[in-house]
Structures are given as C-alpha cells and as structure tokens.
Participant: 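Input: one structure, supplied below.
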Amino acid sequence: MVRFLAKRTVLALFTLWGVTVLIFILFQALPGDAAISLLGSQAGNPEAVARMRSYLGLDRPAYIQYFVWLGDLLQGDLGQSARFDQPVSKLILDKALNSIILLVGSAVVMFSVGIPLGIVAALRERSLFDRIGMGVIIVLGMVPVFWFGLLLIYLFALVLDVLPASRMYSFHDSNRTLSILVHLVLPAITTAAISITILARVTRASLLETLEAPFMQALIARGIPVRRRIWRHAMRNILPIMVNVSGLQIGWLFSGAIFTEVIFSWPGIGRLIYDAVSARDVPVALGGILVVGALFVLANLAADVATASLDPRRREAM
C-alpha cells in the first residue's frame, strides 16, 4: 500500500506541474496586454505602460516569467494582485469558504439523487421508471451547465418567484444561515446536474452487472433473501467503483462551479477567476486556476487510495 501511495503521489505531483505549464501557456496566448488593461485611463501613455509591464515582469521572456512564478509558487507565494494590491493567497482564502459551501451543497444533491436513482433503475430494469429516469438523465447530461442554470433561474426565480436568482444571501434576511441555504438551492442543483447523470448511470450499470454475476446466482440458489443479497453483497461489490467515480465527480464539482458562480453571482473562487481573467489580472487568475486544479488532482488521488483500500485487485492493477 505504501508503494502504491508513493506512486500515485508522484503521479499527482507531475500532473500538477503539467497544470502549471498548461495554464501559463494559455494565459500567454490570450490576446491583449495585461498592463494596458490594468492602467485604464493611462493606457495611452507609453511610459506608464512600460513601467507597468516592468512592474508585472512582462518585459521578460515568457520562460523566465514562468520559472520566476514557479519558484515563488514553490515557496508558497502565489503572487500579488495588481488590481487589488493584495496577495493572491489572501484573495483566494477570502473566497474559499463560499466555494466550499457551494461544493458541499452540490455534493449533497449529487449523492442524494444520483445513487438512489441508479439503484432503483437497476432494480427495476426496463420498467417505466427506468426508461423515463435514464432518458431524463441522458438529456440532462448533454445540457450545458450555463444553459441549465439560466433555465432554472427563468423557471424558479422569474416565472414561479419561489427561489432567489443570484448572490449568496440577502441583506434583508435576519437569519443569515437560512438565507444562504435558500440561495444555495439553484446553484447546487446546477453544479451537480452533470455529476448526477454520471453517478446514476455508473451505479445502475455496475449494479446490473453485479446482479447477473455467478456469485449472485449462487446466493439465490442458497435461498438468501433479496434484501440481503442486494444490500450486503451486491452493494458491497460495487462500492469501490462508486467511491472512485464519486471522487472524480467531487473534483468536477469544484471545477464546474466556476460557471455556476458566474451565472448566480456566487462570491467564490470561480467568480474571482472569471473577474481576474476579464480584468487580465494574471496572478489572481493563475493562482485560482491552480487551486482548482490542485483540488481536482487531490480528489482523484483520494479516490484512488480509497478504491485501492476497498479492493486490493485494483491496487495491484494500478
């Protein structure tokens, strides 16, 4: 197990290094000049632009900029925001709790809908519930996140007027916790929509395959009750697969929340990244994307370790 953990940790570190290279190249390829975007009314002054480019380090070759940024990163320094004149790490920490709230709410929606839906569909294979449920799941999985979020806003905020359309809470509500929970409903459903479809389909397929396995037929021949066969044997057999997929989806929830936070004006890391990209505040955008990528990699690593702990065969295969 120690060898497996070390191998996966090294692979995760290489993946994170690849993420740093990729996002730096992407920002280098963006059109426009960050110095001009940040100067505003002074953008027409060549001397001011030159000073700003020197201050931001943009007057150096791209590979030197990358290694300087990577060196600071290895020391725990994500850089300084030229727009807010604050450390990037502070800006991200200020928004981290809001993103965690959205992540937890989305995970609750994903698990409470995706897994039960997949189990019931598998136990009622080819029934009306299975056909309708899986049909809806397939359609939902093809809908873009931003379009689905706008549809929910239109239905529940504009037409029915039962849920708020934006922000994290209302300043007029005396109960701040209740206000956050009410504002969380639509963003959590939007963020979890695609993950629900994946988790439900994987749960259904895995459970159907397990129910048809030879050891399940042997349990039927021995007269083991249906409920015991399903919950003690079948569910235990598909648990490693569900844990692995759930870990992947937790990482996706955090990365997918970027779109949700923009649509619903949720003040999290995703909205911070969007505003930083729009303003060409490169250190903030790089730091935010790196944090999201790191959380995605860590979620995958945790899922691999948990899966290997539950199923030694997977540990040997990996």
Side-chain angles (χ1 to χ4, degrees), residues 103-145 148 151-152 185-186 188-257 260 296 299-318:
L103 176 64
V104 172
S106 303
V108 169
V109 174
M110 179 186 71
F111 289 123
S112 60
V113 177
I115 293 178
L117 182 59
I119 292 174
V120 175
L123 298 179
R124 299 182 179 181
E125 184 186 11
R126 296 190 179 90
S127 66
L128 183 62
F129 177 87
D130 182 27
R131 296 177 187 276
I132 295 177
M134 289 299 104
V136 172
I137 285 297
I138 291 174
V139 173
L140 187 62
M142 295 186 295
V143 174
V145 174
F148 185 63
L151 178 62
L152 292 181
V185 174
L186 293 184
I189 294 175
T190 302
T191 306
I194 295 179
S195 296
I196 288 174
T197 65
I198 296 174
L199 190 58
R201 294 174 67 181
V202 170
T203 301
R204 178 183 180 275
S206 302
L207 186 55
L208 282 176
E209 182 180 357
T210 301
L211 292 175
E212 296 175 358
F215 80 92
M216 291 298 294
Q217 303 302 319
L219 293 176
I220 295 175
R222 291 170 55 188
I224 304 297
V226 176
R227 184 170 298 180
R228 184 178 177 185
R229 292 201 309 266
I230 293 173
W231 297 108
R232 178 170 294 186
H233 298 279
M235 293 302 298
R236 183 178 180 181
N237 190 72
I238 69 172
L239 185 60
I241 299 176
M242 294 173 61
V243 169
N244 193 14
V245 174
S246 298
L248 294 174
Q249 295 312 305
I250 290 295
W252 164 256
L253 288 178
F254 203 91
S255 58
T260 306
F296 189 89
N300 291 346
L301 176 62
D304 288 341
V305 173
T307 303
S309 301
L310 294 170
D311 190 351
R313 296 172 300 178
R314 293 182 176 274
R315 181 168 65 243
E316 294 174 1
M318 294 178 181

Participant: Just to verify, what does Thr197 make a side chain to side chain contact (heavy atoms under 4.5 Å, CB included) with, not counting sequence neighbours?
Facilitator: Ile137, Leu140, Ile194

Participant: Taking all heavy atoms of Ser246 and all of Leu199, pick out the closest pair and write down the distance.
Facilitator: OG-CD1, 3.8 Å

Participant: Hey, could you give me the OG1/CG distance between Thr190 and Leu152, rounded to the nearest 0.5 Å?
Facilitator: 4.5 Å

Participant: Kindly indicate whether the side chain of Trp252, heavy atoms from C-beta on, has any atom under 4.5 Å from the side chain of Ile198.
Facilitator: no

Participant: So which atom in Val109 and which in Ala188 form the shortest heavy-atom distance, rounded to 0.1 Å?
Facilitator: CG2-CB, 4.1 Å

Participant: To the closest 0.5 Å, what do you measure between CE (Met134) and CG (Leu117)?
Facilitator: 4.5 Å

Participant: Nearest 0.5 Å, please: how far is CD in Gln249 from OG in Ser106?
Facilitator: 12.0 Å

Participant: Identify the two heavy atoms, one from Ala234 and one from Thr210, that lie closest to each other, and give their separation to 0.1 Å.
Facilitator: CA-CG2, 3.8 Å

Participant: Decide yes or no for Leu123 and Leu211: does some side-chain heavy atom of the first lie under 4.5 Å from some side-chain heavy atom of the second?
Facilitator: yes

Participant: Listing request: all salt bridge (Lys or Arg N to Asp or Glu O under 4.0 Å) pairs with a residue in residues 119-128, at least two apart in sequence or in separate chains.
Facilitator: none

Participant: Does some side-chain heavy atom of Ile119 sit less than 4.5 Å from a side-chain heavy atom of Trp231?
Facilitator: yes

Participant: Calculate, to the nearest 0.5 Å, the distance between atoms CG and CG belonging to Leu239 and Asn244 respectively.
Facilitator: 11.0 Å

Participant: How close do Pro116 and Phe111 get, counting heavy atoms only, and between which atoms?
Facilitator: CD-O, 3.2 Å

Participant: What pairs with Ser206 under side chain to side chain contact (heavy atoms under 4.5 Å, CB included), at least two apart in sequence or on another chain?
Facilitator: Val202, Ile238, Ile241

Participant: Given side chain to side chain contact (heavy atoms under 4.5 Å, CB included), test Met235 with Leu207 step by step and report yes or no.
Facilitator: CA-CA 7 Å; Met235 293 302 298; Leu207 186 55; 4.3 Å; yes

Participant: In Å, rounded to the nearest 0.5 Å, how long is the span from CG of Asn300 to CD1 of Ile250?
Facilitator: 11.0 Å

Participant: Identify, with sequence neighbours excluded, every residue that meets side chain to side chain contact (heavy atoms under 4.5 Å, CB included) alongside Gln217.
Facilitator: Ile220

Participant: Of all residues at least two apart in sequence or in a different chain, which pass the side chain to side chain donor-acceptor pair (under 3.5 Å) check with Thr260?
Facilitator: Thr191

Participant: Would you please name every residue forming a side chain to side chain contact (heavy atoms under 4.5 Å, CB included) with Ile224, sequence neighbours left out?
Facilitator: Leu219, Arg222, Arg228, Arg229

